[in-house]
Amino acid sequence: MIAATRAAAHETGVETVSIPNADDHNACATSPWTYGFNSPLNSDAPEIGLVATSYHPNIEGMTAVASQLAHALAR
């Protein structure tokens, strides 16, 4: 998936940004940078979008991406 996204970006002249250590912070990791699956049937699911948050970046993930984007834009 990442390779296909990078190839499509390259073909259209879009620069991509790599996020160091992202593979170490998947949804199943001890310190994930994404939300896991949030079932709408689970009353304990976060109130911030339920399924819409499933596997999307959490604050740690967004911070890691923002840091790399800021670095890339400063070049």
Checklist line | side chain to side chain contact (heavy atoms under 4.5 Å, CB included) against A29, all qualifying residues, sequence neighbours excluded | finding: N26
Next item on the list: Name all pairs fulfilling the salt bridge (Lys or Arg N to Asp or Glu O under 4.0 Å) condition that reach into residues 58-75, sequence neighbours left out, sorted by first residue then second.
Entry: E15-R75
Next item on the list: Using side chain to side chain contact (heavy atoms under 4.5 Å, CB included) as the criterion, list what pairs up with D24, not counting sequence neighbours.
Entry: N21
Notebook entry, point to check: What is the minimum heavy-atom distance between P57 and M62, and which atoms define it?
Noted result: O-CE, 3.6 Å
Check: Among pairs that include at least one residue of residues 61-73, which meet salt bridge (Lys or Arg N to Asp or Glu O under 4.0 Å), considering only residues two or more places apart or in two chains?
Finding: none
Checklist line | Whether S67 side chain and T63 backbone form a donor-acceptor pair below 3.5 Å | finding: no
Next item on the list: State, to 0.1 Å, how close A27 and G36 come at their nearest heavy-atom pair, and which atoms those are.
Entry: CB-CA, 4.2 Å
Next item on the list: Please name all residues satisfying salt bridge (Lys or Arg N to Asp or Glu O under 4.0 Å) with E11, sequence neighbours left out, ordered by chain then number.
Entry: none
Notebook entry, point to check: Who are the side chain to side chain donor-acceptor pair (under 3.5 Å) partners of S18, not counting sequence neighbours?
Noted result: R6
Margin query: According to side chain to side chain contact (heavy atoms under 4.5 Å, CB included), who are the partners of A9, at least two apart in sequence or on a separate chain?
Written below: V14, T16
Notebook entry, point to check: By the rule that ILVMFWY residues connect when side-chain heavy atoms come within less than 4.5 angstrom, directly or transitively, which residues belong alongside I19?
Noted result: V17, W33, V65, L69
Margin query: Starting from L73 and following side-chain heavy-atom contacts under 4.5 Å between hydrophobic residues (I, L, V, M, F, W, Y), which residues can be reached?
Written below: none
Margin query: Can you list everything that forms a side chain to side chain donor-acceptor pair (under 3.5 Å) with S31? Sequence neighbours excluded, please.
Written below: H25
